[in-house]
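Small disclaimer: the values here were computed from a predicted structure and weren't measured. Reminder, nothing fancy here: chain letters follow the sequence lines and each chain counts from 1.
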There are 2 protein chains.
Amino acid sequence: MSESTEEPGPSEPSLDEQIAAYQREFRDLDPQVEQAVSALGRLNRRMNVAYGRQVAALGISNAEWEVLKTLVLSGAPYRLGPGELAKRLGLTPAAMTHRIDRMAGEGLVTRDRDENNRVRVIVELTDEGRTKWLEAMRMASDFEEDLLQDLSGDERGVLGELLVRLLRRVEHAQPDAGGRLTDLD
Amino acid sequence: MSESTEEPGPSEPSLDEQIAAYQREFRDLDPQVEQAVSALGRLNRRMNVAYGRQVAALGISNAEWEVLKTLVLSGAPYRLGPGELAKRLGLTPAAMTHRIDRMAGEGLVTRDRDENNRVRVIVELTDEGRTKWLEAMRMASDFEEDLLQDLSGDERGVLGELLVRLLRRVEHAQPDAGGRLTDLD
DNA sequence: CTCGAAGACTTTAGCACTAAACTTAGAAGG
DNA sequence: CCTTCTAAGTTTAGTGCTAAAGTCTTCGAG
């Protein structure tokens, strides 16, 4: 069982070794499909680790960065309710309550009751939060540019187009048209 | 981040809307890069949700499936120590202790002390665990085949090749050669 | 032979999340 | 007006993780 010395973070066999091992154990595997799917999964995990390190240098967590991104995406005046934030981030409202507590304590957002409807709460990005978002965005886009550096403009376009087609298939999850793939959300 | 990897999902703006919104707030953004990166992230999240649902139908969690996969990948006789499992999955040994507790209770693996070195523990896949892995693998490969259904053989090859190139860039993280991208693990 | 150090787990404390119960404000109906 | 219903958040209980401290076995030096 080959193993070299490693440290925190996943240490796995090479992608080729992994695919070969799966084929030994499961003959029906299409290596082309497996290559694309496994590479996608691994790449995404590595990228998330990298994003986490980058934003940690700004003193925020990946989770906090997600909230900042969502508020910025909502456009000026950068306000959303906890429920809406939770829905967009795929969390429960309970989790948002605590995340917002923390972020309000750090000055990244404010939390106030809506004066027109006192059941509602409004979370609003502060200037500091917006600045953190901008700094994180700069780091992230530099990192992404760096990651794609070896790909030509055409290749980048092809990659994006192929991924978008897969994403459409997953997000629309047509009840029929040849495949099942339903019930994804 | 690891694994499992992030995470959210349901109600987001469309990818095009998202990219347009980012460009409004951050002029330096390369839309081509952002399209590829964002599509990759979203696609991965959706796929993880889908895998979770599929294996849940077999009565196991995504986390348990990861352990089964790792043991099968190690090859017969499907044995690894908790520390090695933790390293490959990117978890702490403490987390593995509890995960193995659960899985041993469910009969998916056995946990025994190594008789030759009583400090070591050996986690071994049971027949039931191996069967579960096979069932999950069948579901996963059907799902993946379904996902890639709209892509031609050539397109699948191109997608895999491009992703593998990006993965190599991330995993090797060259100390230098034009880009930084160091310290990713 | 005994002590000390190292290695491989396990245990403890604390954090972030989910599911489900609870609280409160506004809306709807009698 | 008073229920009752519903919507939006918060609170509670329980899970699974990390970091750090603890335990137990083995190894090595004196």
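Summarising the geometry, the separation between CE on B:Met96 and P on D:dT15 is reported as 19 Å, rounded to the nearest angstrom. Atom CG in B:Leu91 sits about 5 Å away from atom P in D:dT18, given to the nearest Å. We find that CG of A:Asn117 is positioned 13 Å from P of D:dA7, with the value rounded to whole Å. Rounded to an integer number of Å, the gap from A:Ile122 CD1 to D:dA7 P is 20 Å. Across the protein-nucleic acid pair, B:His98 atom NE2 and D:dT15 atom C1' stand 11 Å apart, rounded to whole Å. Remark: C1' of C:dC15 and CZ of A:Arg102 are 8 Å apart, rounded to the nearest angstrom. In this structure, B:Ile100 atom CD1 and C:dA8 atom C1' are separated by 12 Å, rounded to whole Å.
Comment: B:Glu12 does not engage A:Lys69 in a salt bridge, judged by the lack of any side-chain N to carboxylate O separation of less than 4.0 angstrom.
Counting non-hydrogen atoms under 4.0 angstrom, A:Arg113 reaches nothing in the nucleic acid. Residue A:Pro82 is classed as a sugar-phosphate contact, given heavy-atom separations below 4.0 Å to backbone atoms only.
Comparing A:Asn116 and A:Ala94 along DNA chain C, the residue whose closest nucleotide (by nearest heavy atom) sits nearer the 5' end is A:Ala94.
Just one residue in the list B:Asn44, B:Leu167, B:Leu43 forms a side-chain contact (heavy atoms from CB on, under 4.5 Å) with A:Asn44, and that residue is B:Asn44.
Between the CG atom in B:Leu166 and the CG atom in B:Leu40 there is a gap of 8.0 Å [rounded to 0.5 Å].
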